[in-house]
Structure formats: C-alpha cells, structure tokens
Undergrad: 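Following this message is one structure expressed as structure tokens.
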2 protein chains.
Amino acid sequence: MARPRSFDPDDVLEIARQMFWQKGFQATSLDDITAASGVAKPSLYAAFGDKNALFLKVLDRYHDGILGWAERVLAQPGPARDIIRQWLIGFIPYCSGEKGQRGCLSINSATDGSLDQVELRKSIERYNRRLEELLRTRLRTDRAQFRKGFDPDITAHTIMVVHAGLLALAHQRPDSKQVKAVIDQVMSLLA
Amino acid sequence: MARPRSFDPDDVLEIARQMFWQKGFQATSLDDITAASGVAKPSLYAAFGDKNALFLKVLDRYHDGILGWAERVLAQPGPARDIIRQWLIGFIPYCSGEKGQRGCLSINSATDGSLDQVELRKSIERYNRRLEELLRTRLRTDRAQFRKGFDPDITAHTIMVVHAGLLALAHQRPDSKQVKAVIDQVMSLLA
DNA sequence: TTTATTATGTACTTTAAAGTACAGAATGTG
DNA sequence: CACATTCTGTACTTTAAAGTACATAATAAA
C-alpha cells in the first residue's frame, strides 16, 4: 500500500557496525554510513532514529552476537576448564595482530567518556552481567571438578577482568602467542 | 624583554587532564578548557599547540605520574609478591566506586578509535612497555622467591592484562571488595 | 621614556557534521 | 487509471567547535 524499503535494515546495521567498530562513534559520521551503504540520511533517520539510536541498535546486535556464541560454547559437555579455555582461545583473533587493533566495540564504548547516555550504559552493563552469569553458572555447575574452597563467583569475575584486559590491550596488536600464554597462565586458577 | 605569561602552564595541564579524563578527548572542547582555566584560546595555542598536541602533553604527564609512582612502590624492599600486590591495591580507588567511572585516561585513549594519531599510539605503547618492564624486572630479580618453572616475563604481562581489565571495567563502578578479591586471586599466580 | 617583543582578549572565519524540508518516486488498493 | 501512503534523494539549515586575525597590554632592555 506504500512504497517499500529499498534496503535491508540488517545490511545497514552490519555496515554501521564495521564503521563504528573501526573508527569509533564520534569519528563515524552519518555521511560515512550513507556513503558506505548507499542509503541516504533521511532514510537512515526514518529507519533507525538519530545517530545515538542507530549506535545503540548496532551495539545491541554486537552484544547479541557474542552472547549467542558464548552460550553455545559454554553449554558444551566436558570439563569446565577446557570449555572456558576454548571460549577464551576463540577471542585470540580479536585480541591480537591486525584485527585486534579495533579492540572490542563494547569496551571501546564503555571507555568513551563522551558516550554517557543512560541507555548505552544499561546495554553494556546488561551484556557484562549476562556474560559473567554464563561463566558463573558453568563454574558453579561443575564446581566438583575443582579444588576444595574453589570460589566460582570470584573466578567468573576474574575471567571477565582478564577478558576485558586482553581486549583493551588488543589495540596494541600483541602477538597471538603472548595472548595464548596469558590465557594458559590464567587457566591455572581453575584447579 | 617581553610580556610574561599570566598563567602557569602546569596548572592548565592539570585542569585539562581532569577534563579530558572525565569527558574524553572529543567531548572536551578548548572552550571548556578556556572556561575552566581562565586562559583564552590564543594563549592555549601559543603555549601548547593545537588540541592534539595539548592532549599529548596531558597524556604524557599522566603517564609520568603513574610510572613515577610505580617506580617508587616497586623498588621497595620485601617479597616481590607483597610489593606487587601493594601496587595493584593502590589502584583500587581508581577501579571502583564513583571515582572509578572515568577509568584510566591512557586506556580510554587507547580504545578511542577516533584517536589514531601516530604520536599518541607511541606514547601509550611506551607507557605500557615501561610499566611492564618495571614488573618484569622485579619478578626476574626476585625469581628465587617463586616456584621452579616460574616465568617472570609471562607473569608480568598477565599482571598488565589484569591491570588493564580492572581499569576497563572500572567504568561500571564495581564494588571495591570485588576488585580486591580479583587481585587476591590473581596474586595466587605469584607462588 | 622609548622600543622591541611577546602575551592577551575579542571577535571573527571556517569546517564538519547532525538533522530536516520538500518535491518526487514507488508501491498496493479501489 | 487514480489515489493514499510511505520511501528516497537533493539540498538546505543549524550548530558546535577548531583555529586565527588583530588590536592592545605588559614587560625588559637601552
């Protein structure tokens, strides 16, 4: 009954994600996204709202991607230690070398002082809470695999800290072997 | 032989540091710094160069402050483990609660995609290299205090990762007890 | 006291990017 | 076909902030 959209919103979100991830929120203009996607500004505004709203949608998408993957990996059968190690190893391509330079979109956003919108903070907090919950649940469930006195809650949080640290330092493009060595060393806490 | 400066450059750098740290590079305008310091823009330009150059000076100052403190703490006599623990504990006020929200100026800058100037990257890399070197040197020197097979180099890097992780997650204002628990757990790697 | 020199403050220009007005195009329906 | 409806593209306005021109003020030296 009316003119249909000439683009797939999901494609645009994907393009926007790449640009925001690479250049950051501030340095990515809507003109950039228009140029890369071929979708003019009025259409972007109609489909996603203003720049903040667009970024929030992109970030939520990013979060969902990582959470979905974490859920799949951490639900696998086997020793919790091996599973969590496997999960961390999976981040190595994003924590080292060329690709590592952009770091993590979520952490980049969390550390960006100019982005202190309430919605954004909530999204990031929710993401961190969920991720930590996945780790905690797994460690609690498999608690019997560890030493007496093992604390699943603190350990889950420590893994979150290491994870964040690796992705924060990723901007320096460390060597993947070094990242792996850190993961291996930290994994010795799971005993 | 000429009109003297009416302000102390160091005072301005201190004010600029607070503003950049709180609001980030992009969101802090020179007009903000002018308003806070009482120094007009042409004077800022004459004294520090453009905004990027000013920020670089601020960041170097910040780095020097932390490095100086780390040198002092890590040179103290005593078991390396206790000394390094003390050093990490010293960050707790900056990793938790209200004050933690701004995180670390260096990490905030490293994760800011819009700040990919060469000079800036160099400054941050140099800072990280020096900090890690202080840790590594101490761990190597006191290597005899640890188990057979203890690797000072990897351990120094792991501590850097944890340090970065704590400061990246600081933006969520975690509880100081939780931060302390993570530090204590990680310290068990030094044995 | 005059002069050379550098700092300061006002007010300007420039630029980049967010956001929008509006005319016209593309569809489904009667 | 004609119409209601929503989308699209061009071109505009607005705003915020970086950077600067210029007249003036403050000092040290001669």
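Below, read A as the first sequence line, B as the second, and so on, with proteins coming before strands; counting in each chain starts at 1. Values reported hereafter were calculated over all heavy atoms of this structure, with side chains retained and with hydrogens, waters and symmetry mates removed.
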Undergrad: Which one of B:Phe25, B:Tyr62, B:Trp21 satisfies the ring-ring contact (aromatic ring centres under 6.0 Å, His included) criterion with B:Phe55?
TA: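 Answer to the ring-ring contact (aromatic ring centres under 6.0 Å, His included) test with B:Phe55 among B:Phe25, B:Tyr62, B:Trp21: B:Phe25.
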Undergrad: What integer distance in Å separates A:Leu44:CG from D:dG9:P?
TA: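 Those two atoms, CG and P, are 10 Å apart.
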Undergrad: Atom pairs, N/O to N/O, protein against nucleotides 10-14 of chain C, distance under 3.5 Å?
TA:
none

Undergrad: Within the pair B:Ser43 and C:dA7, is there a side-chain N or O less than 4.0 Å away from OP1 or OP2?
TA: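 So the side chain of B:Ser43 is outside the cut-off, no N or O lying under 4.0 Å from OP1 or OP2 of C:dA7.
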Undergrad: Would you mind reporting whether B:Gln101 and A:Arg121 have side-chain heavy atoms less than 4.5 Å apart?
TA: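 Yes. Closest side-chain heavy atoms under 4.5 Å.
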Undergrad: Between A:Arg61 and A:Asp10, does any side-chain N to carboxylate O distance fall below 4.0 Å?
TA: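 Counted as a salt bridge, because a side-chain N and a carboxylate O are separated by less than 4.0 Å.
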Undergrad: Among B:Tyr127, B:Trp87, B:Tyr94, which residue satisfies the ring-ring contact (aromatic ring centres under 6.0 Å, His included) criterion with B:His163?
TA: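 So, applying the ring-ring contact (aromatic ring centres under 6.0 Å, His included) to B:His163 and each of B:Tyr127, B:Trp87, B:Tyr94, only B:Trp87 qualifies.
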Undergrad: Quick one: do the B:Ser29 and B:Asp31 side chains pair a donor with an acceptor below 3.5 Å?
TA: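 Side-chain D/A pair, B:Ser29 to B:Asp31: absent.
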Undergrad: Kindly assign one of parallel, tilted or perpendicular to the pair B:Phe91 and B:Trp69, based on the angle between their ring planes and the thresholds 30° and 60°.
TA: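 B:Phe91 vs B:Trp69 ring planes: perpendicular.
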Undergrad: Going through the distances and angles, do B:Asp116 and A:Lys23 end up as a salt bridge (charged side-chain N to carboxylate O under 4.0 Å, His left out)?
TA: CA-CA 9 Å; B:Asp116 60 352; A:Lys23 304 175 49 178; over 6 Å; no
Undergrad: Quick one: which protein N/O atoms are closer than 3.5 Å to N/O atoms of nucleotides 27-30 of chain D? Pair and distance per line, please.
TA:
residue : atom : partner : partner atom : Å
D:dT27  : O2   : B:Ala2  : N            : 3.4
D:dA28  : O4'  : B:Met1  : N            : 2.1

Undergrad: Let me know the distance between CZ of A:Phe48 and C1' of D:dC7, rounded to the nearest Å.
TA: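 The distance from CZ of A:Phe48 to C1' of D:dC7 comes to 14 Å, rounded to the nearest Å.
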Undergrad: Are B:Lys180 and B:Gln185 close enough that some pair of their side-chain heavy atoms sits under 4.5 Å apart?
TA: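 The answer is no, as the side chains (C-beta and beyond) never meet within the 4.5 Å cut-off.
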Undergrad: For DNA chain C, find the residues of residues 6-38 of chain A with a heavy-atom distance under 4.0 Å and give them by number; none if there aren't any.
TA: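 Close to the strand are A:Thr28, A:Ser29, A:Leu30.
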Undergrad: What is the separation between atom CZ on A:Arg5 and atom P on D:dT8, rounded to the nearest whole Å?
TA: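 Between P of D:dT8 and CZ of A:Arg5: 7 Å.
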Undergrad: If only side-chain N and O atoms count, and only distance matters, is there a donor-acceptor pair under 3.5 Å linking A:Gln18 with A:Glu14?
TA: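 There is such a pair between these side chains.
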Undergrad: Indicate yes or no: does B:Arg130 engage B:Glu133 in a salt bridge with an N to O separation below 4.0 Å.
TA: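 No, no charged N to carboxylate O under 4.0 Å.
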Undergrad: Rounding to an integer number of Å, can you tell me how far B:Tyr45 OH sits from D:dC22 C1'?
TA: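 After rounding, the gap between these two atoms is 17 Å.
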Undergrad: For the pair made of NZ in B:Lys51 and P in D:dA16, what is the distance, rounded to whole Å?
TA: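 Spelled out: NZ on B:Lys51 to P on D:dA16 is 15 Å.
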Undergrad: Indicate whether the side chain of A:Asp142 and that of A:Gln145 have a donor and an acceptor atom separated by less than 3.5 Å.
TA: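 Result is yes, a qualifying pair exists.
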